[in-house]
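What follows is a short report on a single structure.
These numbers come from the heavy atoms of this one structure, side chains and all, not from hydrogens, waters or symmetry mates. Numbers here are sequence positions counted from 1.
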Amino acid sequence: LIIILFTPMFYYLLLMDNDCWLTVFTYLPLNQITNCSLTCKQFNEILNGNNYWQPLIRKDYDYQLMDTNYKNKYTQYHELDKLFKKIRCDLKIAMSSKTLNIAENNIKTIPNEINLLLHLETLILNHNWFLTFPKEICQLTNLKFIDMGFNGFTTIPPEIKYLTKLEKFNAFCTHLEKLPNEFGDLTNLQYLCLYGSKIKILPQTIQHLTKLQHMDLGYNALVHYPQK
């Protein structure tokens, strides 16, 4: 430390303005940015301002929308990017895609940041390790097709009601025991496959699915059907 204090480099660093530091910080990974922001007041001001995060999020994730907190938005994209790197998928491509197929990837959870995929209409998650139905995907209100077959979940959360554009739902060969009453809110549903699950009772609200054309309940344990 004493050697550094008396070197020309140290005095040069003292003279660097915020624009210079912005350039330096651009090359640092996210996990080091937090440490730098704790170093001094100047760094904290730089690393918590939009002037740093706006060009960074445009460079890394091609994010062109206006935002009041680019740092928070960048953090969300970074968390989602962890999942996409795991499955060797390009997040930039997924951001504009209508289909996401991440079947057979040993996935157990979905990050909340999945809601950033605003254009998604088809989501394929079969043959993974979901022991609970990921309610995070219920934020994707443009979804028309969900494939959750060959997973281990036993229930579906009531938040499923928000997927009002859903037309096809596959949950074949799961441990699903029942459908929530809110399933009846999916009034655009045309295809429902629950083959090979463990359903014993269907909710009365399933009668609200007036557009339903195909429903496969084979190899379940049904003991009760809704009365008309």
Side-chain angles (χ1 to χ4, degrees), residues 26 28-37 47-48 50 52-166 168-171 174-176 180 182-183 186:
T26 302
L28 294 180
L30 186 63
N31 61 339
Q32 294 183 15
I33 294 298
T34 303
N35 294 333
C36 289
S37 66
L47 297 173
N48 281 289
N50 276 338
Y52 172 73
W53 294 100
Q54 184 179 12
L56 192 64
I57 196 172
R58 287 181 176 177
K59 177 177 70 72
D60 290 352
Y61 301 117
D62 196 27
Y63 183 81
Q64 302 296 331
L65 300 178
M66 296 300 294
D67 207 298
T68 56
N69 193 333
Y70 287 101
K71 178 182 178 181
N72 181 60
K73 188 64 69 175
Y74 185 93
T75 303
Q76 292 177 336
Y77 275 95
H78 184 73
E79 287 300 313
L80 185 59
D81 201 21
K82 291 180 182 178
L83 169 63
F84 279 81
K85 286 180 178 178
K86 179 181 178 181
I87 62 176
R88 299 178 181 179
C89 183
D90 191 328
L91 178 57
K92 288 183 179 180
I93 296 176
M95 292 304 301
S96 58
S97 177
K98 292 184 178 181
T99 300
L100 178 60
N101 186 345
I102 48 179
E104 301 182 38
N105 272 287
N106 300 328
I107 298 173
K108 298 179 181 179
T109 59
I110 293 290
N112 191 57
E113 290 76 16
I114 194 76
N115 63 359
L116 296 172
L117 304 182
L118 303 176
H119 305 288
L120 208 59
E121 296 182 1
T122 297
L123 181 59
I124 301 175
L125 295 169
N126 62 59
H127 291 86
N128 278 294
W129 291 355
F130 291 106
L131 298 181
T132 58
F133 188 97
K135 66 178 182 180
E136 290 81 6
I137 68 176
C138 297
Q139 303 174 86
L140 301 170
T141 54
N142 286 318
L143 281 180
K144 295 182 179 180
F145 175 42
I146 296 177
D147 187 346
M148 287 290 298
F150 290 96
N151 280 288
F153 60 90
T154 59
T155 60
I156 295 176
E159 287 83 357
I160 193 75
K161 66 182 180 181
Y162 298 122
L163 302 181
T164 54
K165 295 182 181 180
L166 201 63
K168 296 181 180 181
F169 184 83
N170 272 346
T174 68
H175 294 171
L176 185 62
E182 290 79 4
F183 207 83
L186 307 180

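Between Tyr70 and Arg58, the closest heavy-atom pair is OH-NH2, 4.5 Å. Taking both residues in full, the closest heavy atoms of Lys59 and Lys92 are given as O-NZ, 3.3 Å, listed atom of the first, atom of the second, then distance. Nearest heavy-atom pair, Ile146 versus Met148, reported as atom, atom and distance to 0.1 Å: CG2-CG, 3.6 Å.
Crowding of Phe145 atom CZ: a count of heavy atoms from other residues, nucleotides or ligands under 6.0 Å exceeding 12.
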Which atom pairs, donor and acceptor, lie under 3.5 Å between side-chain atoms of residues 127-140 and protein residues at least two apart or in another chain?
unit_1 : atom_1 : unit_2 : atom_2 : d
Asn128 : OD1    : Asn105 : N      : 2.9
Asn128 : OD1    : Asn106 : N      : 3.0
Asn128 : OD1    : Ile107 : N      : 3.0
Asn128 : ND2    : Ile102 : O      : 3.1
Asn128 : ND2    : Leu125 : O      : 3.0
Asn128 : ND2    : Asn126 : O      : 3.4
Gln139 : OE1    : Asn115 : ND2    : 3.1
Gln139 : NE2    : Asn112 : O      : 3.3
Gln139 : NE2    : Asn112 : OD1    : 3.0
Gln139 : NE2    : Glu136 : O      : 3.0

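When the ring-ring contact (aromatic ring centres under 6.0 Å, His included) test is applied to Phe84, no partner is found at least two apart in sequence or on another chain.
Looking at heavy atoms from C-beta onward, Ile57 lies in side-chain contact with Tyr77 at the 4.5 angstrom threshold.
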> Between Asp81 and Asp60, does a side chain to side chain contact (heavy atoms under 4.5 Å, CB included) hold up when you go through it step by step?
Replying inline: CA-CA 10 Å; Asp81 201 21; Asp60 290 352; over 6 Å; no

### Query
Can Asn142 and Leu120 be said to form a side chain to side chain contact (heavy atoms under 4.5 Å, CB included), step by step?
CA-CA 6 Å; Asn142 286 318; Leu120 208 59; over 6 Å; no

Between Lys73 and Leu116, does a side chain to side chain contact (heavy atoms under 4.5 Å, CB included) hold up when you go through it step by step?
-> CA-CA 10 Å; Lys73 188 64 69 175; Leu116 296 172; 4.2 Å; yes

Exercise for the section: Determine, step by step, whether Leu117 and Met95 satisfy the side chain to side chain contact (heavy atoms under 4.5 Å, CB included) criterion, reporting the C-alpha distance in whole Å, the side-chain angles of both residues, the deciding distance to 0.1 Å, and the verdict. Expected result: CA-CA 5 Å; Leu117 304 182; Met95 292 304 301; 3.6 Å; yes

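For the atom pair Leu143 CG and Leu186 CG, the distance stands at 11.0 Å (nearest 0.5 Å). We find the CD1-CG distance between Ile124 and Asn101 to be 4.0 Å, quoted to the nearest 0.5 Å. The distance from atom NZ of Lys144 to atom CD of Glu121, rounded to the nearest 0.5 Å, is 4.5 Å. If you take CG on Leu163 and CG on Leu123, they are separated by 10.0 Å, rounding to the nearest 0.5 Å.
With hydrogens and angles disregarded, a donor-acceptor distance shorter than 3.5 Å links the side chain of Asn151 to the backbone of Gly149.
Using bins of under 30°, 30° to 60° and over 60° for the plane-to-plane angle, the ring pair Tyr61/Tyr74 lands in the tilted bin.
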